[in-house]
Amino acid sequence: MVNLDKYSSIFIANWKLNGNSSFLKDYYEKLKVNSNNCTIICSPSIYLKSLKGNNENLFCGAQDVSSFKEGAYTGELSASMLKDNNIDFCLVGHSERRQHFAETNDKVNTKSSNLIKENIIPVICIGETLEQKEKNLTEEILTSQIKDSVPNLANHQNALIAYEPVWAIGTGLTPTLDEINQAHELIKNFDQKFIDFKVLYGGSVKSSNSKEITNLSHVDGCLIGGASLKVDEFNTIIS
Ligand code: PEP
């Protein structure tokens, strides 16, 4: 399992359903990984056996995993198959999967647990919708998502949490810096066991706001969607 304690910050590129072979080749040629940081590229799964080379601070992450271990589940990829292909990280419970693919907290919990058992670090995504934020339900939603999505065997060395307000993903909107820091503090103080967890922020991070977000006291890195598709932009964010 990757030693998370080694890194001051963690940056994850979530390419979603984007990219092809030539994009990938060009991207890895231009990518400049900073050795203080852990950099993870979550490409579509067919490209996971990538051109990443031997950079010890650069890792491949999957965008999803099956909740099943094996059997008659057409189209699925199991945690052990990811491990077999040297995948070290996997996003779980991304809001797009919760919204479009009926991913429940229970499923996120099972997937995360299966990943940890295969020594793959789940990046467990949680976050409130705009409607929930407007009803002042952010704290309630985050605590129930943590309680139900994070498996008992998760700890600060084998799992990551990403705070991704749903309304900030792909919209260009972000919470205020205070709101981001407070949400991260809330997550870390939810229970004694979460105090040392690394918690990443995701939602419209770009080169113009990444530094002020990463510098927040309770933020340990960022999960980046749209801006990670432009390698120059991503290089600036991780530099
Ligand atoms: C994401 O996909 O997790 C994400 C945060 O996207 P974006 O950076 O485009 O808001």
Between [X] and [Y], what is the shortest heavy-atom contact and its length?
X	Y	value
Val205	Leu223	CG2-O, 4.4 Å
Ala227	Ile237	CB-CD1, 4.1 Å
Ile126	Ile187	CD1-CD1, 3.9 Å
Ala183	Leu142	CB-CD1, 4.1 Å
Glu118	Lys83	O-CD, 2.8 Å
Lys16	Gln63	O-NE2, 3.0 Å

Output yes when a side-chain donor or acceptor of [X] lies under 3.5 Å from a complementary backbone atom of [Y], and no otherwise.
X	Y	value
Asp196	His156	no
Asn235	Lys30	yes
Asn34	Asn36	yes
Gln145	Gly127	yes
Arg97	Glu103	no
Asn114	Ser67	yes
Ser204	Ala168	yes
Lys117	Ser80	no

If only side-chain N and O atoms count, and only distance matters, is there a donor-acceptor pair under 3.5 Å linking [Y] with [X]?
X	Y	result
Thr176	Asp178	no
Glu128	Trp167	yes
Asn209	Thr174	no
Asn57	Tyr7	yes

Between [Y] and [X], does any NZ, NE, NH1 or NH2 come within less than 4.0 Å of an OD or OE carboxylate oxygen?
X	Y	answer
Glu56	Lys6	yes
Lys133	Glu179	yes
Lys32	Asp232	no
Lys111	Asp64	yes

*Kindly assign one of parallel, tilted or perpendicular to the pair Tyr163 and His184, based on the angle between their ring planes and the thresholds 30° and 60°.*
perpendicular

*Got Ile12 and Ile224 here, is their nearest side-chain heavy-atom distance under 4.5 Å?*
no

*Close side-chain approach of Val92 and Ser112, heavy atoms under 4.5 Å*: yes

Crowded around [X] [atom1]? As in, over 12 foreign heavy atoms under 6.0 Å?
X	atom1	result
Glu29	CD	yes
Asn20	CG	yes
Lys107	NZ	no
Lys211	NZ	no

*Would you please test Asn105 and Ser149 for side-chain hydrogen bond (donor to acceptor under 3.5 Å, both in side chains) and show each step?*
CA-CA 5 Å; Asn105 287 333; Ser149 305; 2.9 Å; yes

Atom [atom1] in [X], atom [atom2] in [Y]: separation rounded to 0.5 Å?
X	Y	atom1	atom2	answer
Leu200	Cys125	CG	SG	8.5 Å
Phe194	Ile146	CZ	CD1	6.0 Å
Asn119	Met1	CG	CE	4.5 Å
Leu91	Leu160	CG	CG	10.0 Å

*Start with the C-alpha gap between Ser207 and Glu233, add the side-chain angles, then the distance that decides, and say whether side-chain hydrogen bond (donor to acceptor under 3.5 Å, both in side chains) holds.*
CA-CA 6 Å; Ser207 58; Glu233 174 87 357; 3.1 Å; yes

*Does the separation of the ring centres of Tyr27 and Trp15 fall below 6.0 angstrom?*
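Judged by ring-centre distance (under 6.0 Å), Tyr27 and Trp15 do meet the cut-off.
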
